Amino acid sequence: MIDLKLLQKDFDTISKKLTRKGVDATLLAQLKEKFEELKVAKTAFETLQAAQNAMSKEFGVYKREGKDISELKARVDANKVKIAQALEIQRHKQEELEKLAMAIPNIPDDDVPDGEDEEDNVEIKKVLTPPTFDFTPKEHWELAEQNGWIDFERGVKLATSRFSVGFGMGAKLERALINFMLDFNAKRGFEEVSVPEIVNRRALEGTGQLPKFEDDLYKMEGQELYLIPTAEVPLTNLYQDEILKADELPKKMTAHTSCFREEAGAAGRDTRGMIRQHQFHKVELVTIAKPDESDAIFDEMVACASDLLTALELPHRLVTLCTGDLGFSAAKTVDLEVWLPGQNTYREISSVSNTRDFQARRAKIRFKDGKKNTLVHTLNGSSLAVGRTMVAIMENFQKEDGSIDIPKVLHPYLGI
RNA sequence: GGAUCUUUGGCUGAGUUGGUCGAAAGCACCGGUCUUGAAAACCGGCGAGGGUAACACCUCCCUGGGUUCGAAUCCCAGAGGGUCCA
């Protein structure tokens with residue numbers, strides 16, 4: 001959630017920044033107005049309540065002194081009616097405000113480039129040179145089937161489209177990658193955590209998936225429980241509603257989980273292969289940080305994911321997302337795109353975001369900043385999406401006969 | 001599953017004939033005095049959120065309802081924990 005006090009204090013600046021992200025300025029004006037209305041309603045209610053409390057205290061005095069209380073009681077009863085009304089108004093305003101506020105995305109950082117969509121993302125740098133082939137490189141689904149690694153049809157049989165099954169090396173490679181990534185991240189100071197893959201509504205509100213993106217999630221029937229779309233949700237919400245000690249920060253965490261996505265808005269896109277699946281493995285990085293250290297940690301996380309790709313000998317590039325491509329909760333995001341020879345293009349394999357205090361405000365994660373409680377900054381990034389890493393390995397390490405080499409760093413993990 | 005007890009601030013733990021209780025006390029923690037330094041001792045501070053320039057003020061004693069002018073204290077439901085029975 002954005003800082004409503006800030007919006008009130010400096011409306012022009014905030015609305016200018018959010019307009020860059022395509023937020024309607026009139027919506028913001030509405031939000032500001034609601035915020036002010038709520039304050040008025042609250043003050044009205046609290047004033048009445050204060051009067052009520054004061055009068056109630058007098059009862060004790062009257063009784064002790066043996067005075068008649070009928071006049072006092074009449075006053076209190078009259079006030080009570082007013083309180084009920086004031087409370088109702090306040091509740092209503094509160095609801096309206098929350099509905100509006102929870103749907104407003106984060107404010108982009110000033111150095112985020114303007115733009116409409118992924119076409120306008122800005123490349124930072126390329127790492128490693130894409131391999132050249134003296135034959136036409138195949139796409140991963142062809143290689144996966146030819147090597148017997150992935151069975152797409154049987155995945156569909158078991159569940160529905162966008163599910164697949166790994167066999168033999170196709171299954172082992174997945175496990176090797178997960179272990180390799182977790183170990184790699186641990187060496188960079190990220191503590192391994194094992195978290196639930198089902199979370200409640202409150203957690204998803206904390207990180208910003210709800211209430212706006214309910215359609216992207218798998219929900220347990222009849223319960224307020226959801227399958228996680230990313231480990232970012234449980235990891236970030238671990239400290240929901242807590243006040244951390246300053247010396248506990250930063251909390252650098254990594255976790256492997258399955259991720260579940262409905263992919264409602266992705267009809268027709270990436271229908272072949274395993275680029276866009278309903279269920280996939282991912283190793284995630286999350287950091288809870290003090291505001292003044294979050295920029296440095298952001299760079300660390302980007303470097304961690306990039307170095308992981310380099311260790312796997314996978315050519316990739318880093319791009320800064322433009323305002324139009326920036327996610328709901330992010331103030332700034334750097335995507336890592338891996339080179340896919342079969343598709344002759346770079347495709348997203350990791351996304352590292354700094355949400356600043358946006359999630360912290362929703363999830364109420366704070367730390368003792370001297371005497372004060374201050375909202376933390378939360379950062380998240382994939383390192384990496386496992387399925388897409390397998391895709392990248394298949395396409396980059398393919399040979400003319402369709403066989404596939406395995407990156408050297410994975411050999412110990414595969415007993416070769 | 002049945003019976004019964006229990007649920008308080010970072011922890012321990014008072015507070016149940018409803019009214020100066022946001023809550024005693026101890027520990028922990030922070031600041032100070034003392035000390036060459038530390039410990040001990042002594043003095044002071046010390047829950048959270050909202051609100052304010054700062055006060056005032058409002059809310060919070062597992063959760064949600066209710067009774068009442070007024071509830072940590074009474075009633076109902078739920079959740080967690082303990083003990084006994086099965």
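Any value given below was found using the heavy atoms of this structure, including those in side chains, with hydrogens, waters and symmetry copies removed. Fair warning: this is a prediction, and the values are worked out from it, not measured in the lab. We name chains A, B, ... by the order of the sequence lines, and we start the count at 1 in each one.
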Parallel, tilted or perpendicular: rings of A:H256 and A:H281 (30°, 60°): parallel

Sugar-phosphate, base or nothing in reach of A:K80, heavy atoms under 4.0 Å: sugar-phosphate

Ionic contact status for A:K252 with A:E300, cut-off 4.0 Å: yes

Of the listed nucleotides B:U59, B:C57, B:G19, the one nearest the side chain of A:F59: B:G19

B:A28 versus B:A23 - spacing of their P atoms, nearest Å: 23 Å

Check ion pair A:E263-A:R276 (N to O, under 4.0 angstrom): yes

Pairwise P distance for B:A71 and B:G22, with rounding to whole Å: 11 Å

Residue-phosphate contact under 4.0 Å: A:Q49 side-chain N/O, B:U59 OP1/OP2: yes

N or O in side chain of A:R366 less than 4.0 angstrom from B:G49 OP1/OP2: yes

Whole-angstrom distance between B:U7 and B:C62, as gauged at atom P: 8 Å

Phosphate OP1/OP2 of B:G51: any A:K5 side-chain N/O under 4.0 Å: yes

Sugar-phosphate, base or nothing in reach of A:E58, heavy atoms under 4.0 Å: nothing

A:D295/A:R356 ion pair, N-O < 4.0 Å: yes

Spacing of A:E36 atom CD relative to B:G51 atom P, expressed in whole Å: 13 Å

Side-chain N,O (A:K39) to OP1/OP2 (B:U52) below 4.0 Å: yes

C1'-based separation of B:C60 from B:G1 [nearest Å]: 36 Å

Under 3.5 Å on both distances, the Watson-Crick or G-U partner of B:U4: B:G82

N/O (side chain, A:K73) to phosphate O (OP1/OP2, B:C69) under 4.0 Å: yes

Contact nearer the 5' end of RNA chain B, comparing A:K364 with A:Q52: A:K364

Opposite nucleotide pairing with B:A71, Watson-Crick or G-U, both atom distances under 3.5 Å: none

Of A:R91 and A:V76, the one whose closest RNA chain B nucleotide lies more 5': A:R91

Sugar-phosphate only, base, or nothing, as touched by A:N79 at under 4.0 Å among non-hydrogen atoms: nothing

Ring center gap for A:F328 and A:F358 short of 6.0 angstrom: yes

Phosphate OP1/OP2 of B:C69: any A:N53 side-chain N/O under 4.0 Å: no

Same-atom distance (P) from B:U68 to B:G18, integer angstrom: 16 Å

Whole-Å C1' distance, B:G15 and B:U6: 16 Å

